[in-house]
Amino acid sequence: MRNAPQCAPFTLTTIGYVESDYPDKFGIPRQPGLAPAADAVLALVPPYNDPLTVRGLEDFSHLWVSFIFHQSPERWTPLVRPPRLGGNRKVGVFASRSTHRPNRLGLSLVKLAGIETRHGVRLKLEGCDLVSGTPVVDIKPYLPWAEAHPEARAGFAPQVPDLLPISFSQSALDTLAARADSATLHALITQVLGQDPRPAYKRGEESERVYGVRLRDVDVKFCALQNDEATTLNVVAIDVATEECAQLRPGK
Ligand code: SAH
């Protein structure tokens with residue numbers, strides 16, 4: 001075998017940061033577009049925040065965003081357990097969209113909802129799957145004629161995941177009704193919880209267990225209701241987020 005070519009390590013620089021509806025990782029849908037109500041801004045940083053860098057981008061509806069999974073550890077393993085396989089079957093890291101991967105590079109196709117260039121450059125994004133604070137390393141316009149392949153085989157993730165029905169307690173509805181963003185927050189909660197953010201190994205146990213997902217400035221507390229084989233996630237309360245709420249999340 002010929003020697004592998006040697007190349008110096010690459011250095012990437014952050015071109016901007018995401019500010020999103022997701023203050024933390026738990027609960028974020030596993031791909032973009034699954035929660036279209038999730039708003040985000042990608043704020044470019046100097047010297048990339050020159051309006052010239054995005055000239056012409058307004059004519060594209062969707063973007064590829066390359067980013068770093070900065071909240072993932074640098075360590076990785078050749079096999080991973082995708083949540084889509086119930087967390088108990090392994091596939092190769094490069095056969096997955098795992099966040100634990102060499103170089104920690106992520107790639108999301110997101111909708112571009114607008115561009116502001118009055119103070120630097122701020123791109124408004126819809127439906128992104130990124131935690132607030134995610135560093136972005138590149139942006140490219142999406143070319144549907146080259147990149148859309150609806151007939152493509154998609155291995156262990158062949159179609160959009162099933163959604164769980166979501167119900168709201170009266171107190172959660174009252175909290176929502178009092179907010180200026182009630183309609184979009186209601187949609188965001190329904191879309192995020194519909195993906196069933198509970199860890200795979202917890203499903204079916206502890207039905208009275210209360211989980212918390214942070215969205216915008218609130219902590220959404222929910223539990224699973226089981227009846228006739230069907231599971232509904234019930235929003236029990238919507239509280240202003242505090243550190244104490246954070247302890248209800250798995251892994252904390
Ligand atoms: N579309 C991307 C991301 C898929 S994984 C890709 O395929 O590369 C999506 C998960 O990444 C989300 O559920 C969220 O929990 C996690 N995530 C989002 N931003 C992250 C970050 N900055 N660091 C680590 N994990 C992140």
Side-chain angles (χ1 to χ4, degrees), residues 12-43 45 62-77 80-87 91-112 123 125-140 142 147-149 152 154-161 163-164 188-189 191-203 211-216 219-220 233 246 249-252:
L12 298 178
T13 52
T14 300
I15 62 155
Y17 292 93
V18 170
E19 300 158 12
S20 77
D21 277 341
Y22 301 120
D24 53 48
K25 277 188 308 182
F26 177 60
I28 302 181
R30 301 207 175 87
Q31 284 305 331
L34 294 174
D39 289 327
V41 167
L42 167 46
V45 294
H62 291 75
L63 308 177
W64 289 111
V65 175
S66 300
F67 61 91
I68 304 293
F69 287 115
H70 74 305
Q71 290 191 3
S72 295
E74 282 184 32
R75 97 191 106 72
W76 60 276
T77 51
V80 298
R81 297 170 195 264
R84 189 62 178 253
L85 292 175
V91 300
V93 65
F94 298 135
S96 83
R97 304 299 286 251
S98 173
T99 61
H100 292 41
R101 55 196 312 118
N103 297 314
R104 299 190 296 171
L105 270 172
L107 184 65
S108 291
L109 179 61
V110 295
K111 187 161 175 202
L112 176 64
L123 307 181
L125 309 178
E126 273 176 26
C128 89
D129 54 351
L130 306 178
V131 74
S132 222
T134 296
V136 169
V137 292
D138 201 7
I139 300 166
K140 290 180 185 179
Y142 168 66
E147 297 176 312
H149 293 286
F156 62 84
Q159 70 237 339
V160 176
L163 290 180
L164 284 187
L188 182 63
I189 293 171
Q191 292 164 5
V192 166
L193 296 192
Q195 309 291 323
D196 197 355
R198 295 173 301 158
Y201 62 92
K202 290 284 183 199
R203 295 181 192 166
Y211 292 94
V213 168
R214 280 177 69 197
L215 297 173
R216 299 188 183 161
D219 209 295
V220 179
L233 295 186
R249 286 187 291 286
K252 299 256 167 180

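Count residues from 1 along the sequence. Both ligands and their constituent atoms are indexed starting at 1 by order of listing. Model, not experiment: these values are computed from the prediction. Basis for what follows: all heavy atoms, side chains included, without hydrogens, waters or symmetry-related copies.
Remark: ligand 1 atoms within the under-4.0 Å shell around heavy atoms of Val131 are 18 (C), 19 (N), 20 (C), 21 (C), 22 (N). Against a heavy-atom cut-off of under 4.0 Å, Pro32 is close to the following atoms of ligand 1: 1 (N). In the vicinity of Thr134, heavy-atom distances shorter than 4.0 Å reach the ligand 1 atoms 19 (N), 21 (C), 22 (N). Taking a cut-off of under 4.0 Å to the non-hydrogen atoms of Gly106, the atoms of ligand 1 that pass are 8 (O).
By the 4.0 Å heavy-atom criterion, Gly133 is excluded from the residues contacting ligand 1. The shortest heavy-atom distance from Ile68 to ligand 1 is under 4.0 Å.
None of Ile15, Thr14, Leu12 except one satisfies the side-chain contact (heavy atoms from CB on, under 4.5 Å) rule with Pro135; the exception is Thr14.
Of the candidates Ser20, Ser72, Pro73, it is Ser72 that places a heavy atom closest to atom 24 (C) of ligand 1. Around atom 25 (N) of ligand 1, the closest heavy atom drawn from Lys25, His100, Gln31, Gln71 belongs to Lys25.
Using the six-membered ring where Trp is involved, Tyr142 and His62 have ring planes that are perpendicular, over 60° apart on the 30 and 60° scheme.
The backbone N or O of Leu130 sits less than 3.5 Å from a side-chain atom of Ser20, completing a donor-acceptor pair. Using modelled atom types, one side-chain atom of Asp21 and one backbone atom of Asp39 make a donor-acceptor pair closer than 3.5 Å. Between the side chain of Ser98 and the backbone N or O of His100, at least one donor-acceptor pair lies under 3.5 Å. A donor-acceptor pair under 3.5 Å links the side-chain atoms of Arg101 to the main chain of Ser96, judged by distance alone.
No N or O atom of Thr99 sits closer than 3.5 Å to an N or O atom of ligand 1. For a threshold of 3.5 Å applied to N or O pairs, the pair formed by Leu105 and ligand 1 contains no separation below that value. The shortest N or O to N or O distance between Phe67 and ligand 1 is not below 3.5 Å. Inclusion of Pro29 in the set of residues having an N or O under 3.5 Å from an N or O of ligand 1 is warranted.
The protein heavy-atom contact nearest to atom 26 (C) of ligand 1 is Phe69 CD2, 3.7 Å. Looking only at heavy atoms of the protein, atom 9 (C) of ligand 1 is closest to Arg30 O, 3.6 Å. Nearest non-hydrogen protein atom to atom 18 (C) of ligand 1 is Asp129 O, 3.3 Å. Atom 13 (O) of ligand 1 has its closest protein heavy atom at Ile28 O, 2.8 Å. Protein heavy atom nearest atom 7 (O) of ligand 1, with residue, atom name and distance: Arg97 NE, 2.8 Å. Taking atom 6 (C) of ligand 1 as the reference point, the nearest protein heavy-atom neighbour is Leu107 O, 3.1 Å.
With contacts defined as side-chain heavy-atom distances shorter than 4.5 Å, the pair Leu188/Tyr22 qualifies.
Within the model, atoms CG of Leu63 and CG of Leu112 stand 4.5 Å from one another, a figure rounded to the nearest 0.5 Å. Note that CG of Leu233 is 6.0 Å distant from CG of Leu193, once rounded to the nearest 0.5 Å.
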Output, in order, the C-alpha distance, side-chain angles, deciding distance and verdict of side-chain contact (heavy atoms from CB on, under 4.5 Å) for Leu164 and Arg198. CA-CA 11 Å; Leu164 284 187; Arg198 295 173 301 158; 4.3 Å; yes

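Minimum heavy-atom separation, Val213 to Val192: CG1-CG1, 4.3 Å.
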